[in-house]
Amino acid sequence: MRLRQEERNMSKTAQKPQHYDFKAIEAKWQQHWQKEKSYKVSENAEQKKYYLLEMFPYPSGRIHMGHVRNYSIGDVIARYKRMQGYNVLHPMGWDAFGLPAENAALKHGVHPAQWTYENISYMREQLKAMGLSYDWDREIATCHPEYYRWEQQVFLQLLEKGLVYRKKTTVNWCDDCATVLAREQVIDGCCWRCDQQVVPKNMYGWFLKITDYADELLEDLDQLNGWPEKVVTMQRNWIGKSQGLACDFPVEGDKEKIKIFTTRPDTIYGVTFMSLAVEHPLVDTLITGTEHEEPVRDFIKQTLLDKQRMAMDQEPEKHGVFTGKYCINPFNGDRVPIYVANFVLMEYGTGAVMAVPAHDQRDFEFARKYDLPIRPVVQPEEKLEGEQMDSAWEGDGVLADSANFNGLPSAEAKKAIIDHAEKKGFGQRHITYRLRDWGISRQRYWGAPIPVIHCDTCGAVPVPNEQLPVLLPGSQPPYGSSAPLHQQEDFYTVTCPQCGQDAQRETDTMDTFMESSWYFARYTSPRADAPLEKEAAQYWLAVDQYIGGVEHAILHLLYARFFTKLLRDLGYLGVDEPFTQLLTQGMVIKDGAKMSKSKGNVVDPHDLITQYGADTVRLFSLFAAPPERDLEWNAQGVEGSFRFLNRVYRLILANMDCFVASDEKKNNAVELGKLSQGDRQLHRKTHQTIQRVTESIETNFHFNTAISGVMELVNQVSAATGEGGKQPLDQTVLREALQTILFLLFPMVPHFCQELWQVTGHKKTLDHQQWPEYDTEAIKEDELTIVVQINGKVRSRLQVAADTDEEEIKQAALDDERIINFVDNKPVKKIIVVKGKLVNIVV
RNA sequence: GCCCGGAUGGCGGAACUGGUAGACGCAAGGGACUUAAAAUCCCUCGGUUCUUGUAACUGUGCGAGUUCGAUUCUCGCUCCGGGCACCA
C-alpha cells in the first residue's frame with residue numbers, strides 16, 4: 001500500500017497530474033468564501049429562515065472523524081436549504097470549558113486559557129479547510145467572558161426566582177477529577193469522563209430546580225415528532241414519572257409516622273411488612289436503646305460497605321433485619337413489622353416501601369427468605385393461594401380480602417382507595433419523578449465562576465449585576481494559576497456587597513453542561529449586550545435541524561430543553577422547545593471498533609485532506625453509510641470517491657463545448673417530442689436523478705443513495721458521450737445533464753462543483769443558483785419491463801409500451817413462448833396483473 | 001430482567017405502499033492501452049448443478065404462518081449493538 005503511494009507520487013512529478021488539482025481549487029474557494037463572507041446572514045423578515053446546527057466541538061486540539069462526519073452532513077443540508085431560497089443560519093463555536101485544559105495546564109505549565117485558545121485557532125483552520133459554510137462572524141467560545149458573563153446573569157435571575165438553591169447532600173464524587181458529578185454523569189457507577197469509580201460524599205452545592213419543570217419536559221416530548229423515537233423514550237424513562245398514593249403508616253406506640261409512596265394502592269390490604277432504606281432517618285429513633293439496636297446497626301454498616309464495593313451491574317441478594325417495631329396499616333389496622341432492607345433506595349420516593357409480597361417480586365423474595373406472610377389481594381383469573389405461589393403476581397386483577405373494595409378491578413380500586421385515604425386524611429394522590437434536581441457545582445478552575453459571595457452575616461449574596469462578569473483569575477498565566485479557585489486567595493477574598501464586611505467569593509464553578517444548554521440561542525445574537533436579543537431569538541429560533549451524536553440523548557438534550565423553558569420564562573425567547581428536528585448520527589468506526597488511540601485505529605482527517613482534498617473526504621463520509629448508522633471507515637472506499645470526482649472532472653472538461661454551444665436562457669426548453677431516443681433517455685435520467693436526490697434529502701437525509709443516483713447519471717452520460725460512438729447528443733440535453741450533476745453535488749463537494757461551474761463559463765456562484773426541479777413529464781418511462789411469473793416465480797420478461805392496457809399485457813404474457821412452455825397446458829386458475837409491474841399466472 | 005434498534009454477496013450498503021433481491025461503490029478475476037508501470041477504459045462477479053442457456057434449482061440470521069406472491073406483514077426463537085435497571 002505504502003509502496004503504491006510512493007510510486008504514484010513519483011510518477012506524478014514526472015508526468016502530467018493524474019488528478020484534478022484539489023489543493024489549488026479548495027484554497028481558492030475557501031479564500032473566496034472568507035473574503036466575501038458568503039455565509040454571513042442577518043434577520044430578514046421577507047425570507048423564510050432555516051436554522052441548522054451541529055453540536056459544537058470541545059477544542060481538544062484537532063478535529064477527528066466524528067466531527068468530519070457531523071459537519072459534512074450539516075453542511076450538505078445548509079447548502080441545500082440555501083439553494084432552496086432559505087435564509088440559513090449555520091453557526092459554529094466552541095464548548096471551551098472543561099477538564100482537559102486543566103490537565104494540560106498541569107502537565108505542560110500553560111494556562112488553560114492559552115491552551116484552549118490555541119486549540120481553537122488550530123481547529124478553526126481545520127474546519128475552514130473542510131469548506132464548511134459557516135457564518136464565522138457568529139463564532140462563540142464559552143470560556144470567553146463575553147459568553148459566560150451572560151450565563152452568570154441568567155444564573156442570578158434564576159436565583160432570584162428561586163430556581164437555584166444551595167443544599168448539603170450526598171453527592172457523587174470522582175476522586176480522579178476531584179469534583180462532583182451530576183447523576184446523569186455517572187455511568188455504571190463510574191465517572192463519565194475518566195471511568196473512575198464514583199464515591200458518595202457529603203457537601204454543599206448549588207442546584208437547579210429542573211424537577212419544577214419535570215412535567216413540562218415530559219409532556220412536551222409529545223411535540224417532538226422530528227426526534228428519533230429512541231431519544232424521546234430515553235428522556236421519558238429518565239424523567240420517570242409515576243402516579244400513586246402517598247400514605248402514612250403510624251408507628252405503634254410512638255407519634256412518628258412512616259411516609260410511603262406506592263403506585264399500587266390496590267394492593268394495600270396485602271401489606272405484610274414495611275421496608276426502610278438503611279439511610280432512612282427514622283431508623284435511628286426506632287432502634288435506639290432496644291435489644292435490636294446492635295444487629296440493625298451492624299446490618300446498616302455492612303450494607304453501606306457493600307453498596308460502595310459492589311459492581312453496579314450486579315443485583316445483590318436481598319437482605320434485611322427486623323427493627324423490633326411495628327407500624328399500623330391505616331386501612332385495616334394491621335400490625336406491620338418494620339424491617340430495614342438493603343434493596344430500598346433512599347433517593348427514590350420516601351425511602352420506605354410498604355411490602356406486598358404477593359404482588360411485588362422483590363417483596364416476595366424477601367418474604368420467603370425471612371418467612372413473612374404472603375397475602376394475595378388482587379386475584380387474576382386463576383386464584384392465587386399465598387403458600388403455593390412461586391413468584392409474585394404483578395399484573396392486574398380483582399380485589400379480594402380488601403374490605404369494602406372487594407370485587408373491584410385493579411384500576412377502579414386504585415382510584416377508590418386513594419379517595420378513601422384522602423377522605424380519611426392519612427394519604428393523598430401523589431406523583432413522583434425519577435428525575436433529580438441538577439447539581440451544577442464543580443470544584444474546578446476552568447469553568448464559569450458561580451457569581452455569589454458568602455458573608456457571615458448576610459449569607460449567600462448575589463454578585464451585583466454591575467460587577468459581572470466574575471472573571472477567572474490569571475488571564476496571563478502566572479505560576480500556579482490553574483489551581484482551583486479555592487486555592488486562589490486574591491480571587492476569593494472580597495467584601496460583602498450588602499454589609500461591606502469581609503466575605504468570601506464562591507469558589508465552585510458551573511458544570512460545563514450549563515454553557516452548552518443555551519449556546520444555540522446565543523448564536524442568534526452572539527454579540528448582544530444582554531444574554532439574548534429578543535427579536536433575533538424570535539426570528540431564528542427554534543433550531544430547525546440539530547445534528548449530533550446519540551451519546552447526548554439525555555445529558556445535553558435534556559438540559560438544553562430545560563434551559564429553553566427557563567429562558568422563555570425569563571422573557572428572553574418565545575419557544576417551548578429548542579430543536580424541532582433532531583438527527584442523531586452514528587459513530588465512525590474502523591475494523592468494527594470505535595476509533596481510539598488505545599486501539600491504534602485512529603484515522604486523522606488532516607492527513608486525508610492533504611492527500612485527497614476536503615471534497616473527497618466529505619463525499620466518502622456521506623456515501624459510505626446513511627447518517628444514523630455507524631460508518632465503517634475504509635481507505636479504499638475513499639480512493640473510490642476520489643476516482644469518482646476525477647471522472648466527473650474529466651467528463652465536464654471533455655464536454656465543454658455544450659456550455660458554449662447552448663444558450664443558458666433556453667436551458668430547459670427541451671421539447672420532449674422532438675428528442676431522439678438517446679437524447680430522450682438522458683433527459684429522462686437527468687430528471688429522475690433530480691427527483692431521487694431531492695427525495696433522499698427531504699425524507700431522511702440518506703445522502704448515500706443520493707450520491708449513487710448521481711453516479712448512475714454520470715455513468716450514463718459517460719456511456720452516451722464516450723468513444724462507443726453513439727450518435728451525437730443534443731447539446732442542450734447534454735448541458736442540462738452536466739449542469740444537473742454540478743447542482744446536485746454542490747452541497748456535498750462544494751469547491752469541486754463551484755470550480756467547474758466557473759470553468760464552464762458561469763459568473764454567478766453556485767450558492768446563488770436555484771436547486772433544480774424535475775419535470776414530471778420528463779421522468780415518465782415510455783417502455784416498461786413487465787415480469788411474468790408462474791406461481792410467483794419469475795419465468796419471463798416482456799418489454800411493453802408504457803400505455804399498454806392490462807388486457808393486452810395479460811395476453812402478451814400468455815402468448816410468450818417461454819410461458820407457453822411452462823404452463824404446459826395445465827389449467828390456469830387465476831391471473832394477477834399489477835399495473836406496470838408484473839403478471840402472475842397461477843396454475 | 002425490561003425497553004429500543006439491527007441481521008441482505010468477500011466488504012460498505014440498495015430495494016417505493018407486499019410485486020424483477022443485490023442499485024451504487026469497494027475488493028477480486030480477466031482483457032485493452034503501455035517497452036514497463038501508474039492512470040484510464042472494457043468485461044465478469046451470491047451459491048450449486050448441468051445439457052453453458054433469454055437454463056434449472058437455491059438464496060435476505062433460524063423456524064412456522066398469512067398471501068397468487070414475503071428482505072418487507074404476523075407469531076416464536078438465535079445472535080449482535082444501544083439504553084435502563086432493586087423506581088416501590
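Below, chain A is the first sequence line, B the second, and so on; all start at residue 1.
Taking atom CZ on A/Arg434 and atom C1' on B/G83, their separation rounds to 11 Å, with Å as the unit. Computed from coordinates, the A/His702 NE2 to B/A14 P distance equals 7 Å when rounded to whole Å. Distance, A/Tyr612 OH to B/A39 C1': 14 Å, rounded to whole Å. Atom NE2 in A/His430 sits about 12 Å away from atom P in B/A88, given to the nearest Å. Rounded to whole Å, atom P of B/A85 lies 10 Å from atom CE of A/Met234. Rounded to whole Å, the distance from CZ on A/Arg795 to P on B/G69 is 14 Å. Computed from coordinates, the A/His319 NE2 to B/C86 P distance equals 16 Å when rounded to whole Å. Summarising the geometry, the separation between NZ on A/Lys230 and P on B/G5 is reported as 10 Å, rounded to the nearest angstrom.
In this structure, A/Ala624 and A/Phe343 both approach RNA chain B, and ranking their closest nucleotides by distance from the 5' end singles out A/Ala624. Each of A/Ala625 and A/Asn791 has a nearest nucleotide on RNA chain B; the 5'-most of these lies closest to A/Ala625.
The P atoms of B/C4 and B/C57 are separated by 41 Å, rounded to the nearest whole Å. Rounded to whole Å, the C1' atom of B/A70 lies 14 Å from the corresponding atom of B/U20. When the P atom is used for both B/U67 and B/U54, the distance is 37 Å, rounded to whole Å. Between B/G5 and B/C42, the two P atoms lie 43 Å apart (nearest whole Å). Nucleotides B/G59 and B/U48, compared at atom P, are 15 Å apart to the nearest Å. Between the C1' atoms of B/A7 and B/A56, the separation comes to 30 Å (whole Å). Taking the P atom of each, B/G81 and B/G12 are spaced 16 Å apart, rounded to whole Å. Between B/G22 and B/G30, the distance separating the two C1' atoms is 22 Å to the nearest Å.
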Identify all pairs in which a protein N or O lies below 3.5 Å from an N or O of nucleotides 50-54 of chain B, and state each distance.
residue: B/U54; atom: O2'; partner: A/Arg818; partner atom: NH1; Å: 3.1

Can you tabulate the close N/O pairs, meaning under 3.5 Å, that link protein atoms to atoms of nucleotides 16-25 of chain B?
residue: B/G19; atom: N2; partner: A/Gln789; partner atom: OE1; Å: 3.4
residue: B/G19; atom: N2; partner: A/Asn840; partner atom: ND2; Å: 3.4
residue: B/U20; atom: O2; partner: A/Arg797; partner atom: NE; Å: 3.1
residue: B/U20; atom: O2; partner: A/Arg797; partner atom: NH2; Å: 3.3
residue: B/A23; atom: O2'; partner: A/Glu712; partner atom: OE2; Å: 2.6
residue: B/G25; atom: OP1; partner: A/Asn715; partner atom: ND2; Å: 3.4

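Between A/Phe620 and A/Tyr612, the ring center distance fails the sub-6.0 Å criterion. Annotation: A/Tyr20 is in aromatic contact with A/Phe752 [ring centroid separation under 6.0 Å]. Taking the six-membered ring wherever Trp is involved, the centroid distance between the rings of A/Tyr339 and A/Phe366 falls below 6.0 Å. For A/Phe331 and A/Phe426, the ring centers are positioned less than 6.0 Å apart.
Residue-level contact check: A/Arg236 touches neither bases nor backbone, having no heavy atom under 4.0 Å from any strand. At a threshold of 4.0 angstrom between heavy atoms, the contacts of A/Val344 include nucleobase atoms, whether or not backbone atoms are also involved. Counting non-hydrogen atoms under 4.0 angstrom, A/Phe822 reaches the backbone sugars and phosphates but no base. Looking at heavy-atom distances under 4.0 Å, A/Lys829 makes no contact with the nucleic acid at all. Residue contacts shown for A/Asp630 are limited to sugar-phosphate atoms, with no base heavy atom under 4.0 Å away.
Using a 30° and 60° split on the angle between ring planes, A/His430 and A/Phe261 fall in the perpendicular class, above 60°.
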Chi angles and distances behind the side-chain contact (heavy atoms from CB on, under 4.5 Å) call for A/Thr694, A/Ile690: CA-CA 6 Å; A/Thr694 309; A/Ile690 296 171; 3.9 Å; yes

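For A/Arg264 and A/Glu394, the salt-bridge test fails: no basic side-chain N is under 4.0 Å from an acidic carboxylate O. Salt-bridge check for A/Asp222 with A/Arg236: passed, with a basic side-chain N closer than 4.0 Å to an acidic carboxylate O. Ion pair A/Glu806/A/Lys835 not flagged as a salt bridge, since none of the NZ, NE, NH1 or NH2 atoms sits closer than 4.0 Å to an Asp/Glu carboxylate oxygen.
In this model, the phosphate group of B/C41 is approached by a side-chain N or O of A/Arg650 to a distance below 4.0 Å at OP1 or OP2. Listed pair A/Arg629 / B/G6 fails the phosphate criterion, with no side-chain N or O lying under 4.0 Å from OP1 or OP2.
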How does RNA chain B look in dot-bracket form if you count Watson-Crick and G-U pairs under 3.5 Å, write [ ] for pairs that cross, and put | where a base pairs with another strand? (((((((..(((......[....))).(((((.......))))).(((((..).))))..(((((..]....))))))))))))....

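Interatomic distance, CG of A/Leu217 versus CZ of A/Arg561, reported as 5.0 Å (0.5 Å rounding). Rounding to the nearest 0.5 Å places CD1 of A/Ile239 at 12.5 Å from CZ of A/Arg436.
The local environment of NZ in A/Lys415 is sparse, with at most 12 non-hydrogen atoms from other residues, nucleotides or ligands closer than 6.0 Å.
Cation-pi geometry between A/Arg795 and A/Phe822 is satisfied (NZ or CZ under 6.0 Å from the ring centre, within 45° of the ring normal).
With a glycosidic angle further than 90° from 0, B/G76 counts as anti.
Between B/C3, B/A27, B/A14, one nucleotide has an atom nearer to the side chain of A/Gln636 than all others, and that is B/A27.
A donor-acceptor pair shorter than 3.5 Å cannot be found between the side chains of A/His702 and A/Glu695.
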